[in-house]
Asker: 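Let me give you the structure first, and then I'll get to my questions.
Just follow the structure's listing: the first ligand is 1, and inside any ligand the first atom is 1. On a predicted model such as this, the values are computed, not experimentally measured, just so you know.
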Amino acid sequence: MFNSNLTGGPAWHWQAWRSEKAWAPTVDALETWLLAQTTPETPRTLLLIGASAGWMMPHLWLQQFKEIHTFDIDPLAGYLFKWRHGKKLQAHGVRLACHTQNALANLPALLKIHPQACVFFDNVLGQLRFNSTDIKLVEKNMMQCVQALKGREWGSVHDRMSGPVSGELALSLAKGAALPETSGHLDKGGDAQKWLTSIQAQSPWLDHLTGKVFEREVAVHNMAWAFKPNYWHWLQAGWVKP
Ligand SMILES: C[S@@+](CC[C@H](N)C(=O)[O-])C[C@H]1O[C@@H](n2cnc3c(N)ncnc32)[C@H](O)[C@@H]1O
């Protein structure tokens with residue numbers, strides 16, 4: 001069900017390490033968005049699922065928790081997460097534990113172990129579509145994760161779609177322009193098409209099957225991510241309060 005790793009491991013770490021500069025505008029946008037979601041009422045324990053080394057995780061946001069448990073199926077992830085974030089978190093008195101496990105399959109058990117924690121799916125739900133060619137099964141597995149969180153505070157950032165772009169936008173961004181961002185579900189009328197046009201998408205784009213993760217009342221934020229110069233992702237982020 002949730003057992004392959006086509007989106008993590010050494011290739012991901014290499015890509016993330018060498019893309020730090022290109023990804024910085026998306027990391028900044030994610031930081032601003034994350035900082036606006038959590039409140040003094042947000043649980044101080046965080047379960048961070050699909051954490052990898054936290055290549056796109058902002059320190060400032062992580063620092064506000066008392067305890068963080070990271071989860072990844074990649075055995076390198078925990079070491080690298082500690083290398084990147086460990087010292088700073090320790091300096092802020094944050095307890096950090098990194099776990100190598102399939103946290104999507106184990107989600108109900110993890111929620112039982114941590115009844116007071118909030119959960120953040122860190123760019124992992126959109127990767128489930130690579131686990132099977134059975135679209136219905138992928139959507140079912142994804143929705144099971146979401147349903148398990150009933151009554152919890154939780155959030156997710158994930159791929160909504162990804163695909164080729166024309167090089168022109170990347171060139172104009174190199175001159176310092178901000179990446180496109182917008183709010184809303186974008187699934188009505190031509191809104192998704194307008195968004196894709198704004199990031200100069202070239203057909204065909206891959207649907208990551210995450211369109212039903214957030215219910216209508218959840219405020220959704222859309223961000224562009226220049227994953228590779230000619231292959232970009234449309235990220236959707238949302239935060240759910242019980
Ligand atoms: C696109 S990467 C995102 C990495 C991370 N959020 C970051 O900022 O570096 C997706 C990550 O999800 C992990 N992953 C995939 N399936 C998983 C599962 N079932 N449980 C835990 N982690 C998983 C992969 O190993 C990979 O590290």
Side-chain angles (χ1 to χ4, degrees), residues 1-31 33-34 46-62 68-86 88-89 96-111 113-114 119-132 137-138 140-146 148-149 154-162 206 208-210 213 223 225-228 231-237:
M1 172 181 176
F2 301 115
N3 47 10
S4 58
N5 193 7
L6 298 173
T7 62
W12 166 255
H13 300 304
W14 171 243
Q15 180 73 30
W17 178 75
R18 64 202 282 263
S19 305
E20 201 173 342
K21 212 166 148 201
W23 295 1
T26 308
V27 173
D28 288 351
L30 185 60
E31 175 178 76
W33 177 81
L34 280 169
L46 169 68
L47 310 184
L48 190 62
I49 298 182
S52 185
W55 292 105
M56 298 182 81
M57 260 294 117
H59 292 297
L60 260 186
W61 186 68
L62 294 175
I68 298 176
H69 293 267
T70 71
F71 299 90
D72 204 294
I73 50 177
D74 168 10
L76 281 175
Y79 296 107
L80 292 174
F81 193 96
K82 284 181 184 154
W83 166 65
R84 280 181 53 76
H85 296 280
K88 282 194 185 163
L89 291 178
L96 173 66
C98 297
H99 311 268
T100 304
Q101 65 167 275
N102 186 333
L104 297 178
N106 296 345
L107 190 59
L110 288 175
L111 294 174
I113 297 169
H114 302 281
V119 176
F120 191 64
F121 296 106
D122 189 8
N123 201 352
V124 65
L125 292 180
Q127 318 308 327
L128 291 185
R129 80 108 57 232
F130 300 113
N131 285 354
S132 167
L137 179 68
V138 170
K140 189 173 150 222
N141 290 342
M142 208 176 298
M143 292 321 287
Q144 272 174 357
C145 292
V146 170
L149 291 158
W154 68 276
S156 177
V157 62
H158 47 248
D159 294 319
R160 179 64 193 85
M161 297 187 90
S162 64
L206 177 74
H208 286 254
L209 308 177
T210 49
V213 168
M223 292 168 276
W225 174 27
F227 179 64
K228 289 183 178 173
Y231 193 97
W232 285 31
H233 291 232
W234 160 15
L235 293 178
Q236 274 198 331

Asker: What residues form a side chain to side chain contact (heavy atoms under 4.5 Å, CB included) with Ala97, not counting sequence neighbours?
Answerer: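 Counting only residues at least two positions away or on another chain, Ala97 forms a side chain to side chain contact (heavy atoms under 4.5 Å, CB included) with His69, His99.
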
Asker: Where the side chain of His208 meets the backbone of Gly126, is there a donor-acceptor pair that is under 3.5 Å apart?
Answerer: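 Side chain of His208 to backbone of Gly126, a donor-acceptor pair under 3.5 Å: yes, one is there.
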
Asker: I'd like to check which ligand 1 atoms, numbered from 1 as shown, lie under 4.0 Å from a non-hydrogen atom of Asp122.
Answerer: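 Reading through ligand 1 atom by atom, the close ones are 3 (C), 5 (C), 6 (N), 8 (O).
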
Asker: Is any side-chain heavy atom of His158 closer than 4.5 Å to one of Leu235?
Answerer: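 Side-chain contact under 4.5 Å: no.
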
Asker: For ligand 1, is there an N or O atom under 3.5 Å from any N or O atom of Asp74?
Answerer: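 Min N/O separation from ligand 1 is not below 3.5 Å for Asp74.
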
Asker: With respect to Ala103, determine whether any N or O atom, backbone or side chain, lies less than 3.5 Å from an N or O atom of ligand 1.
Answerer: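 Between Ala103 and ligand 1, an N or O pair is found under 3.5 Å apart.
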
Asker: Looking only at N/O atoms, are Ala53 and ligand 1 under 3.5 Å apart anywhere?
Answerer: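 Among all N and O atoms of Ala53, none is under 3.5 Å from an N or O of ligand 1.
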
Asker: Under the side chain to side chain contact (heavy atoms under 4.5 Å, CB included) rule, collect the residues that match up with Val124, sequence neighbours excluded.
Answerer: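 In terms of side chain to side chain contact (heavy atoms under 4.5 Å, CB included), with neighbours along the sequence ignored, Val124 is linked to Ile49, Leu104, Phe121.
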
Asker: Is the closest heavy atom of Ala77 to ligand 1 under 4.0 Å?
Answerer: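 Contact absent.
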
Asker: Under the 3.5 angstrom rule, does the side chain of Arg160 hit a backbone N or O of Gln236 as a donor-acceptor pair?
Answerer: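 A pair under 3.5 Å: no.
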
Asker: I'd like to check Val157 versus Asp122 (side-chain heavy atoms, cut-off strictly below 4.5 Å). Are they in contact?
Answerer: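 Yes - at least one pair of side-chain heavy atoms lies under 4.5 Å apart.
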
Asker: If you measure every N or O of Asn102 against every N or O of ligand 1, does any of those distances drop under 3.5 Å?
Answerer: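 Between Asn102 and ligand 1 (N or O atoms, distance only) the closest approach is under 3.5 Å.
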
Asker: Only heavy atoms count here, so choose which of Asp72, Leu104, Leu128, Val27 is nearest to atom 22 (N) of ligand 1.
Answerer: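 Among Asp72, Leu104, Leu128, Val27, the closest heavy atom to atom 22 (N) of ligand 1 belongs to Asp72.
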
Asker: N/O of Gly50 under 3.5 Å from N/O of ligand 1, yes or no?
Answerer: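 N/O-N/O distance below 3.5 Å exists for this pair.
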
Asker: Does Trp12, backbone or side chain, put an N or O under 3.5 Å from an N or O of ligand 1?
Answerer: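 Yes.
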
Asker: Which one holds for Ala16 and ligand 1: side chain close, backbone close, both close, or neither close, with close meaning a heavy atom under 4.0 Å?
Answerer: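 Near ligand 1, Ala16 shows nothing, with every heavy atom at 4.0 Å or more.
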
Asker: Please check if the distance between the ring centroids of Tyr231 and Trp225 is under 6.0 Å.
Answerer: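 That pair fails the under 6.0 Å test.
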
Asker: Looking only at heavy atoms, is any part of Gln101 under 4.0 Å from ligand 1, and if so is it the side chain, the backbone, or both, or is it neither?
Answerer: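 Answer for Gln101: backbone.
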
Asker: In the structure I gave you, are the side-chain heavy atoms of Met56 and Trp23 within less than 4.5 Å of one another anywhere?
Answerer: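 Result yes, sub-4.5 Å side-chain heavy-atom pair found.
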
